[in-house]
Amino acid sequence: ESGINSHFIEKISDTEQLIEALTILPLEVVVRNVAAGSFSKRFGVEEGRRLNYPIVEFYYKNDALDDPFMNDEHVSLLDIATPSEVTELKEKALAVNTVLIDLFNEIEITLIDFKLEFGKNSTGEIKLGDEISPDTCRLWDKKTNDHLDKDIYRRDLGDILPVYKEVLRRLETVQPV
């Protein structure tokens, strides 16, 4: 609905959807709006500090290597994506960021950061091929800064199910475009 080109074709039922087959790129594309998690640890930046502008990071999807951080040149050198495709991935990720910030602002949630995966279809077109959920986003309540995401589980802060239900409850109040 927001012009983000994805693998989604149509909703079949409440639990099923039809999607286009993609060859997923072995990259996690992370967009960060606020310092948190590994960014804060890696760079010694206080968690919760708003970044001057969104940062796009790449991580090589390889469990044996523990999904290492990559720069643009690594992505190209390993033939994961060409330099122009790297630019396209960043543009698409930032477009998703804009849509998500607006959506979450509407329900009093701050989008701290999130992870996306992209793939190529049979014609080589790059499309979003991932879910967007509290499992793939770091979300904080705007008023309290309470975590509304997977960090509840990661940091042993309580039961994750009520938190996810709260995000869903808020999302259900949003009027469709």
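Along the sequence shown, residues are numbered consecutively beginning with 1. Only this structure's heavy atoms are used, side chains among them; waters, hydrogens and symmetry mates stay out.
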_Minimum side-chain heavy-atom gap Thr87-Glu91 below 4.5 Å_ = yes
*Are Asn33 and Asn97 linked by a side-chain donor-acceptor pair shorter than 3.5 Å?*
yes
*Between Arg49 and Phe39, is any pair of side-chain heavy atoms under 4.5 Å apart?*
no
*CZ/Arg170 to CG/Leu103 distance, rounded to the nearest 0.5 angstrom?*
12.0 Å
*Report yes or no: do Leu128 and Leu22 belong to one cluster of Ile/Leu/Val/Met/Phe/Trp/Tyr joined by side chain heavy-atom distances under 4.5 Å?*
no
*asked:* Distance check, rounded to the nearest 0.5 Å: Leu89 atom CG versus Glu117 atom CD?
replied: 11.5 Å
*Shortest non-hydrogen contact between Ser40 and Glu47, atoms and distance*: OG-CA, 3.5 Å
*State whether Glu57 and Arg42 are salt-bridged, where the test is any N-O pair (Lys NZ or Arg NE/NH1/NH2 against Asp/Glu carboxylate O) under 4.0 Å.*
yes
*Given the rule that I, L, V, M, F, W and Y join up when any side-chain heavy atoms are under 4.5 Å apart, are Tyr59 and Leu78 in one cluster?*
no
_Any heavy-atom pair between the side chains of Gln17 and Ile12 that's under 4.5 Å?_
no
*Is there a path from Phe104 to Val34 through hydrophobic residues (I, L, V, M, F, W, Y) whose side chains come within less than 4.5 Å of each other?*
no
*Is it the case that one hydrophobic cluster holds both Val99 and Leu111, taking links as side-chain heavy atoms less than 4.5 Å apart, direct or via other members?*
yes
*Is the number of heavy atoms from other residues, nucleotides or ligands within 6.0 Å of OH (Tyr53) greater than 12?*
no
*Residues Glu88, Lys90: salt bridge by 4.0 Å N-O rule*: no
*Please say whether more than 12 non-hydrogen atoms of neighbouring residues, nucleotides or ligands are located less than 6.0 Å from NZ in Lys41.*
no
*Dump the intermediate steps for side-chain contact (heavy atoms from CB on, under 4.5 Å) on Thr110 and Arg50, then the final yes or no.*
CA-CA 10 Å; Thr110 301; Arg50 184 160 298 282; 3.6 Å; yes
*Which atoms form the tightest heavy-atom contact between Lys127 and Glu20, and what is the distance?*
NZ-OE1, 2.5 Å
Please list, one pair per line, the donor and acceptor atoms closer than 3.5 Å that link side chains of residues 157-165 to other protein atoms, with sequence neighbours excluded.
from: Asp159; atom 1: OD1; to: Leu161; atom 2: N; distance (Å): 3.3
from: Tyr164; atom 1: OH; to: Asp135; atom 2: OD1; distance (Å): 2.4

*Test: Arg169 and Glu166 ion pair at under 4.0 Å*: yes
*Closest non-hydrogen atom pair, Lys11 against Asp14*: NZ-OD1, 3.5 Å
*When rounded to the nearest 0.5 angstrom, what is the spacing between CD in Glu125 and OG1 in Thr123?*
5.0 Å
*Kindly check if the number of other-residue, nucleotide or ligand heavy atoms within 6.0 Å of CZ (Arg154) is above 12?*
yes
*Are the side chains of Lys142 and Asn105 in touch, meaning some heavy atoms are under 4.5 Å apart?*
yes
_Six-ring centre of Phe114, Arg138 cation under 6.0 angstrom, axis tolerance 45°_ = no
*Can you find a side-chain donor-acceptor pair between Ser13 and Glu16 that sits under 3.5 Å?*
yes
_Which atom of Pro26 lies closest to which atom of Ile80, heavy atoms considered_ = CD-CG2, 3.8 Å
*How far apart are the closest heavy atoms of Ile132 and Cys137, and which atoms are they?*
CG2-SG, 3.8 Å
*Does Ile152 belong to the same Ile/Leu/Val/Met/Phe/Trp/Tyr cluster as Trp140, with side-chain heavy atoms less than 4.5 Å apart forming each link?*
no
*Charged N to carboxylate O below 4.0 Å: is that the case for Lys61 and Asp67?*
no
_With side-chain contact (heavy atoms from CB on, under 4.5 Å) as the criterion, how do Val31 and Val56 come out once you've worked through the C-alpha distance, each side chain's angles and the decisive distance to 0.1 Å?_
CA-CA 5 Å; Val31 179; Val56 179; 4.3 Å; yes
*Below 4.5 Å, heavy atoms only, C-beta onward: do Glu106 and Thr173 meet side chain to side chain?*
no
*Measure the shortest side-chain to side-chain distance between Val29 and Phe58 over non-hydrogen atoms and say whether it is less than 4.5 angstrom.*
yes
_Do Ile112 and Leu139 make a side-chain contact, defined as non-hydrogen atoms from C-beta onward lying under 4.5 Å apart?_
no
*Going by atom types alone, do Ser38 and Arg32 pair a side-chain donor with an acceptor below 3.5 Å?*
yes
_Distance in Å, Ile55 CD1 paired with Asp113 CG, rounded so as to fall on 0.5 Å steps_ = 10.5 Å
*List the atom of Ala35, the atom of Val45, and the distance in Å for their closest heavy-atom pair.*
CB-CG1, 3.6 Å
*To the nearest 0.5 Å, how far apart are CG in Asp149 and OG1 in Thr136?*
10.0 Å
_Could you check whether any side-chain heavy atom of Phe118 comes within less than 4.5 Å of a side-chain heavy atom of Leu27, counting everything from C-beta outward?_
no
_Would Asp146 and Lys143 count as a salt bridge (Lys or Arg N to Asp or Glu O under 4.0 Å) here? Give the steps._
CA-CA 8 Å; Asp146 287 345; Lys143 293 179 182 142; over 6 Å; no
